[in-house]
Amino acid sequence: MIERRIQEGDYALTGMPAERELADDIGVSRVTLRKALEDLEGKGLLVRAPNRRLVLSSKARDKVGGMQIAFVSPSISPTSFSPDLQLWLAAMENVARQRGDRIRVINYHHWDDPALTESIRAFDGVFLVTSSEPIPAWTAELLTDANSVVALSEDLTHFDMPSIVLFPPRLIISMMQRLQRLGHRRIDCINIQGHNTITQARMDEWGDWLRSEEVGGRLVDEPCGVDENIFEAGVKVARKWIQKIDDQTTAVLCVTLPAAMGVIRAASEAGLSIGDRLSVCTVDCEGIGKFINPPLASFERPDPVEYMNACADWFAGGGTIDNWQGPLLLEPKNLKIFDGGSIGPPTQTK
């Protein structure tokens, strides 16, 4: 069992546990455990450190094969879930299988969590999903100096960090133009996520476009609390918004999926026909928008495999900024729009 764990890279982050802890974990006596450890020493997989503790040998690290890559993401509430995280992880695991690398999932609770620091030091590469909390100065310095770290979804190139952004905020303009061509003249925007560079940029792009086109609209920006279920927050904010809109507001851009699902639920409760009386769209439907009734208008998610392979190649080459080729920001030039049934020409109520 211990040998298999070593081969799977289970101790890459934590190192070998103390004998008492390992014996309790496996459910054997310390005498039996010592015999197993002596056997693994004989195979050259474990060696004694100067303090007499057993550590992984270079042979053990080589035997694992491929790179050890960490998928580091914020811990989410047990009452919430994130389809976006699952999509990123599935894509990473697909890339790792093809390359013979191994993926470990690491969660951190806050920016100063030792799990984040230890992951950057212990693994051959790190794909980092950022928290909605502001990045403190100490963590910003850590990320700026770190090698082999890639940000997912958020642009952290100002930290000299390669970043994969599948939904560039600048492309929101094409969604707004689609609504304008359908006849909408007042388009609100709802955000319930914590602020980071991406959510803020989406709201900014919406506001800049409205001003340039002289189109009306109101921003509802109410980030939910860290202990609040994001989908329940979406419904709560949407209910308050719907109570205040007039007949001129015929469309809404939701910054993220939970806000869009909240609007669809609240509109249904209020008897507003989605795609007729009220058009609802978002940026990223996180793979489930097509299964909502009506299907949610959004941009189609591009395949990140090409970007992830480029990052994995960079990890394999040492992961220093000097070895990075091309722009630090990896993003598609264009995105296709899936109309679904949630947007359409506005129908005014009397």
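All residue numbers refer to positions in the sequence shown, counting from 1.
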Are the side chain of [X] and the backbone N or O of [Y] linked by a donor-acceptor pair below 3.5 Å?
X: H184; Y: G344; answer: yes
X: W314; Y: N309; answer: no
X: W138; Y: A140; answer: no
X: D124; Y: M67; answer: no
X: S342; Y: P294; answer: no
X: S57; Y: G44; answer: yes
X: R202; Y: V255; answer: yes
X: D188; Y: R218; answer: yes

Can you check whether [X] reaches [Y] side chain to side chain, under 4.5 Å on heavy atoms?
X: I2; Y: M16; value: yes
X: Y108; Y: L128; value: yes
X: D145; Y: E141; value: yes
X: W209; Y: Q177; value: yes

- side chain to side chain contact (heavy atoms under 4.5 Å, CB included) assessment of T282 paired with M175: CA-CA 9 Å; T282 190; M175 182 69 77; over 6 Å; no
- Item | N-O pairing of E222 and K236 below 4.0 Å | no
ILVMFWY network linking [X] to [Y], side-chain heavy atoms under 4.5 angstrom:
X: F127; Y: I198; result: no
X: L210; Y: L182; result: yes
X: V305; Y: Y307; result: yes
X: F291; Y: F338; result: no
X: L335; Y: L179; result: yes

- Task: Starting from the C-alpha separation in whole Å, work towards a yes-or-no answer on side chain to side chain contact (heavy atoms under 4.5 Å, CB included) for M261 and I230.
- Result: CA-CA 10 Å; M261 294 178 68; I230 190 70; over 6 Å; no
- Per side-chain contact (heavy atoms from CB on, under 4.5 Å), M203 is matched among I190, D221, D208, I172 by D221
Under 3.5 Å side-chain donor-acceptor pair for [X] and [Y]:
X: T347; Y: R277; answer: no
X: Q193; Y: T199; answer: no
X: S153; Y: W88; answer: yes
X: D155; Y: T197; answer: no

- Message: With rounding to the nearest 0.5 angstrom, report the CG to OG1 distance, D276 to T250.
- Response: 10.5 Å
- Query: How long is the gap from CG on L296 to CD1 on I264, to the nearest 0.5 Å?
  - Reply: 5.0 Å
- Chi angles and distances behind the side chain to side chain contact (heavy atoms under 4.5 Å, CB included) call for V47, V55: CA-CA 6 Å; V47 295; V55 296; 3.6 Å; yes
- Task: Specify whether F299 and F167 have parallel, tilted or perpendicular ring planes, treating 30° as the upper limit for parallel and 60° as the lower limit for perpendicular.
- Result: tilted
- Item | D284 to E286 - nearest heavy-atom pair and separation | OD1-N, 2.8 Å
- Task: Show your reasoning for whether side chain to side chain contact (heavy atoms under 4.5 Å, CB included) applies to Q68 and R104.
- Result: CA-CA 7 Å; Q68 293 286 316; R104 306 295 298 181; 4.0 Å; yes
- Task: Applying side chain to side chain donor-acceptor pair (under 3.5 Å), name anything that partners D160, two or more places apart in sequence or on another chain.
- Result: none
